[in-house]
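Here the structure is a predicted model, which means the values were calculated and not measured. Numbers for residues simply follow the sequence, beginning at 1. All ligand and atom numbering here is 1-based and tracks the order in the structure.
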Amino acid sequence: MSTQQHLVVVITGASDGIGAEMAKQLAVKHKVRLALVLAARNEAGLRAVAEVCKRFGSVCLLVKTDVGVESDCRRLIRETVETFGGIDILINNAGKSAQALFSEVDNLGWYQELMRVNFWGSVWCTHAALPYLKESKGKIVAVSSLAGLIGVPGRTAYSASKFAMNGFFESLRTEVQEAGVQVTLAYPGVVATRIRYHGYNAAGEAAGSSGLKEEQAMPVEECAYQIIQAMEQNQREVVMTAKGKLGRWLRLIAPGLVDKIAMAALKKEVRPQ
Ligand SMILES: NC(=O)c1ccc[n+]([C@@H]2O[C@H](COP(=O)([O-])OP(=O)(O)OC[C@H]3O[C@@H](n4cnc5c(N)ncnc54)[C@H](OP(=O)(O)O)[C@@H]3O)[C@@H](O)[C@H]2O)c1
């Protein structure tokens, strides 16, 4: 622990979805021993999450952060260290989705924006936090996606940003393990949050609907639980769902079949004609 009193955990994208749920589950588990640093843009969302966590005795620091802005990421880490004296765990969870066929995109500006949020946001936070994580022999979590292991149609931007995350954190793991820092990559499948509704469409606007079949989406509680378990057990990675685990290996021997399975996950109206 970085301070006598607290386990200091920074969570990006903590105002909603998986990040908010991880914050609550950690508060239930660690209660008064926990200092949570909750980061995202929506301050009302952060306050609502903090209210729940405080009921279990956890201390919360809210830092309004756009992870697509480098100076915000650096300020997040600076304020954490100024307040709590160090960092034990950094959970890079903030992320944005997108669903668009590449040939239907006119302006690629939002591809760059997605990369800033999903990839660079994690890199900037991790870069700023690493000296403190080395000091505490702490942990880094990177929330990637099954779409970061297998290219998914309609997800050229999203898959690229998540593949980039994997490459970065896989490499970093080998660099920091001697210093005692653990890196866990999480690969959720389809989880029941609003991410696809807020994600970009081909025009770079909020999609307002999901292009995926959502019926069998994993409950957000289960996803958050699996990530926390993997992190606490110092696992290298957690690949969620049997389909995800199977798809990864099937890809080596029958990649064409995996392409077909990925296409079948899309609703008909968003498939290439
Ligand atoms: N849900 C799934 O099916 C699924 C599957 C695989 C992987 N994932 C990954 O899991 C992570 C969490 O997703 P979720 O499903 O929980 O999504 P969500 O419910 O939409 O929540 C996303 C969180 O990220 C934050 N965020 C978005 N853009 C941000 C920015 N520029 N700066 C700071 N925070 C930002 C949002 O907060 P503000 O809007 O307040 O900033 C929110 O707290 C993402 O990295 C996502 O790619 C999700």
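- The closest approach between Lys162 and ligand 1 falls below 4.0 Å for a heavy atom of the residue.
- Tyr158 and Leu149 fall into different hydrophobic clusters, where Ile, Leu, Val, Met, Phe, Trp and Tyr are joined by side-chain heavy atoms under 4.5 Å apart, directly or via other members.
- Looking at ligand 1, you won't find any N or O of Val117 less than 3.5 Å from one of its N or O atoms.
- For the pair Ser144 and ligand 1, a heavy-atom separation below 4.0 Å is found.
- With ligand atoms numbered from 1 in the order given, ligand 1 contributes 36 (C), 37 (O), 38 (P), 40 (O), 42 (C), 43 (O) to contacts under 4.0 Å with heavy atoms of Ser15.
- Residue Val190 has at least one heavy-atom neighbour below 4.0 Å for each of these atoms of ligand 1: 3 (O).
- For atom 39 (O) of ligand 1, the nearest non-hydrogen atom of the protein is Arg41 NH2, 2.9 Å.
- Using a 4.0 Å cut-off between a side-chain N of Lys or Arg and a carboxylate O of Asp or Glu, Lys96 and Glu113 do not qualify as a salt bridge.
- Of all atoms in ligand 1, numbered sequentially from 1 with element shown, those under 4.0 Å from a heavy atom of Thr65 are 32 (N), 33 (C).
- For atom 13 (O) of ligand 1, the closest non-hydrogen atom on the protein side is Ile195 CD1, 3.5 Å.
- Not a single N or O atom of Pro188, backbone or side chain, sits closer than 3.5 Å to an N or O atom of ligand 1.
- Heavy atoms of Ser97 come nearer than 4.0 angstrom to ligand 1 in no pair at all.
- No more than 12 heavy atoms of other residues, nucleotides or ligands lie within 6.0 Å of CD in Gln112, so this atom counts as exposed by the packing criterion.
- Note on Arg173 versus Glu237: no salt bridge recorded, every NZ/NE/NH1/NH2 to OD/OE distance being 4.0 Å or above.
- Ligand 1 has at least one atom lying under 4.0 Å from a heavy atom of Asp66.
- Considering only non-hydrogen protein atoms, atom 5 (C) of ligand 1 sits nearest to Gly189 O, 2.8 Å.
- When hydrogens are left out, the protein atom nearest atom 47 (O) of ligand 1 is Tyr158 OH, 2.6 Å; that is the closest non-hydrogen contact.
- Close contacts of ligand 1 with Ala14, meaning ligand atoms under 4.0 Å from a residue heavy atom, involve 43 (O).
- Ligand 1 places these atoms under 4.0 Å from at least one heavy atom of Gly17: 16 (O), 19 (O).
- If you look at Lys96 next to ligand 1, there are no close heavy atoms at all, none under 4.0 Å.
- Every atom of ligand 1 with a heavy atom of Arg196 under 4.0 Å away is listed here by number and element: 2 (C), 3 (O).
- In this structure, atom 14 (P) of ligand 1 lies nearest to the protein heavy atom Thr193 OG1, 3.6 Å.
- For atom 11 (C) of ligand 1, the closest heavy atom belonging to the protein is Asn93 O, 3.1 Å.
- With respect to atom 10 (O) of ligand 1, the closest heavy atom belonging to the protein is Val143 CG1, 3.3 Å.
- Heavy atoms of other residues, nucleotides or ligands lying less than 6.0 angstrom from CD of Glu178 number 12 at most.
- The protein non-hydrogen atom at the shortest distance from atom 25 (C) of ligand 1 is Gly13 CA, 3.5 Å.
- Near Ala94, meaning under 4.0 Å from any of its heavy atoms, are these atoms of ligand 1: 24 (O), 34 (N), 35 (C), 45 (O).
- Distances from atom 48 (C) of ligand 1 to the heavy atoms of Leu38, Val191, Ile18 put Ile18 nearest.
- Looking at ligand 1, you'll find an N or O of Asn42 within less than 3.5 Å of one of its N or O atoms.
- For the residues Gly95, Ala147, Ala217, Ala98, the heavy atom positioned nearest atom 22 (C) of ligand 1 is part of Gly95.
- The number of heavy atoms from other shown groups lying within 6.0 Å of CD (Gln216) does not exceed 12.
- Counting the atoms of ligand 1 from 1 in the order shown, those under 4.0 Å from a heavy atom of His198 are 20 (O).
- Residue Ala39 places no N or O, backbone or side chain, under 3.5 Å from any N or O of ligand 1.
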